[in-house]
Amino acid sequence: MLWFPTLSKSGFRSIICDNDELSTGKWLVPLAVPDIGGIWEEIEDAAVEGRILAAKKSTHELVRIIGHNLACVYCSASDPDAVAETLRTLREIGVDGELKYKSDLATFDGREEYLYSSSEFETLLPRP
């Protein structure tokens, strides 16, 4: 097993459509081992409270393969508005650094393609 079960207040399920933008997707959030700052706990709380749609975290088996923990933080669609709103929440809870966004269609198709980079949205997000 590579992933722990998905956390979601709304019972999230991935939606695969004919194109990337209509499909659900996720921000890929690398987490240090150990996660000293507790970023996963912040993501977990946001999912349980409904501030983000859903999230899941890598198991130890996947950590051995990729060398770090990874969280997937899901969006209801892969359009720029939904993606930017989720990124805004991630920044508010303390997630920093460059993040990549991948549609669930790309994952389903086995494509290692990223639809967005967080730097594309940074100018749109409010500054603290």
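Scope of the values below: all heavy atoms of this structure, side chains included, with no hydrogens, waters or symmetry mates. Treat the numbers as computed from the prediction; the structure is a model and nothing was measured.
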Colleague: Can you list every ring-ring contact (aromatic ring centres under 6.0 Å, His included) pair that touches residues 80-106, not counting sequence neighbours?
Modeller: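 Non-adjacent pairs meeting ring-ring contact (aromatic ring centres under 6.0 Å, His included): Trp27-Tyr101, Tyr101-Tyr116.
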Colleague: Of all residues at least two apart in sequence or in a different chain, which pass the salt bridge (Lys or Arg N to Asp or Glu O under 4.0 Å) check with Glu113?
Modeller: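 For Glu113 the salt bridge (Lys or Arg N to Asp or Glu O under 4.0 Å) partners, ignoring immediate neighbours, are Arg111.
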Colleague: Which pair of non-hydrogen atoms, one from Asp104 and one from Lys26, has the smallest distance, and what is that distance?
Modeller: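 Looks like OD1-NZ, 2.7 Å.
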Colleague: By side chain to side chain donor-acceptor pair (under 3.5 Å), which residues pair with Ser23, not counting sequence neighbours?
Modeller: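 Side chain to side chain donor-acceptor pair (under 3.5 Å) check on Ser23 returns nothing, list empty.
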Colleague: Could you list the donor-acceptor pairs under 3.5 angstrom formed by side chains in residues 44-55, with sequence neighbours left out?
Modeller:
{"unit_1": "Glu49", "atom_1": "OE1", "unit_2": "Arg51", "atom_2": "NE", "d": "2.9"}
{"unit_1": "Glu49", "atom_1": "OE1", "unit_2": "Arg51", "atom_2": "NH2", "d": "3.2"}

Colleague: Output the rest of the hydrophobic cluster of Leu105: all Ile, Leu, Val, Met, Phe, Trp and Tyr residues reachable through side-chain heavy-atom contacts under 4.5 Å, sorted by chain and number.
Modeller: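 Answer for Leu105: Ile16, Phe108.
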Colleague: Compare every heavy atom of Thr24 with every heavy atom of Ser76, then report the nearest pair and how far apart it is.
Modeller: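 Residues Ser76 and Thr24, closest heavy atoms: O-CG2, 3.3 Å.
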Colleague: Testing the basics here: between Ser103 and Ser78, what is the closest heavy-atom pair and its distance to 0.1 Å?
Modeller: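 Where Ser103 meets Ser78 most closely, the heavy atoms are CB-OG, 3.8 Å.
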Colleague: Filter on ring-ring contact (aromatic ring centres under 6.0 Å, His included), then keep only pairs touching residues 67-86, sequence neighbours left out; what's left?
Modeller: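 Only Phe12-Tyr74 qualify under ring-ring contact (aromatic ring centres under 6.0 Å, His included).
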Colleague: Tell me, please, which residues at least two apart from Asp18 pass side-chain contact (heavy atoms from CB on, under 4.5 Å).
Modeller: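 None.
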Colleague: Under the side chain to side chain donor-acceptor pair (under 3.5 Å) rule, collect the residues that match up with Lys102, sequence neighbours excluded.
Modeller: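 Lys102 satisfies side chain to side chain donor-acceptor pair (under 3.5 Å) with Glu112 only.
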Colleague: If every non-hydrogen atom of Arg91 is compared with every non-hydrogen atom of Leu99, which pair is closest and at what distance?
Modeller: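 Taking Arg91 first and Leu99 second, the nearest heavy atoms are NH1-CD1, 3.9 Å.
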Colleague: Is there side-chain contact between Leu87 and Val83, with at least one heavy-atom pair below 4.5 Å?
Modeller: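 Result no, sub-4.5 Å side-chain heavy-atom pair not found.
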Colleague: So which heavy atom on Asp20 is nearest to which on Ala106, and how close?
Modeller: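 For Asp20 versus Ala106, the nearest heavy atoms are OD1-N, 3.7 Å.
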Colleague: At their closest point, which heavy atom of Ser58 faces which heavy atom of Val63, and how far apart are they?
Modeller: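 That closest heavy-atom pairing would be OG-CG2, 3.7 Å.
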Colleague: Leu70: which other cluster members, linking ILVMFWY side chains closer than 4.5 Å, directly or transitively?
Modeller: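 Traced through the cluster, Leu70 reaches Leu2, Trp3, Leu28, Leu62, Ile65, Ile66, Tyr114.
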Colleague: Could I get the full list of side chain to side chain donor-acceptor pair (under 3.5 Å) partners for Glu41, not counting sequence neighbours?
Modeller: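 For Glu41 there are no side chain to side chain donor-acceptor pair (under 3.5 Å) partners, ignoring immediate neighbours.
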Colleague: Among pairs that include at least one residue of residues 53-78, which meet salt bridge (charged side-chain N to carboxylate O under 4.0 Å, His left out), considering only residues two or more places apart or in two chains?
Modeller: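 Counting only pairs at least two positions apart or across chains, no salt bridge (charged side-chain N to carboxylate O under 4.0 Å, His left out) contact touches residues 53-78.
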Colleague: Hey, quick one: are Ile43 and Phe4 part of the same hydrophobic cluster, counting side-chain heavy atoms closer than 4.5 Å, chains of contacts allowed?
Modeller: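 Ile43 does not cluster with Phe4.
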Colleague: With sequence neighbours excluded, what pairs up with Thr6 under the side chain to side chain donor-acceptor pair (under 3.5 Å) test?
Modeller: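 Partners of Thr6 under the side chain to side chain donor-acceptor pair (under 3.5 Å) test: none.
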Colleague: Is any side-chain heavy atom of Glu85 closer than 4.5 Å to a side-chain heavy atom of Thr89?
Modeller: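 A side-chain contact under 4.5 Å exists here.
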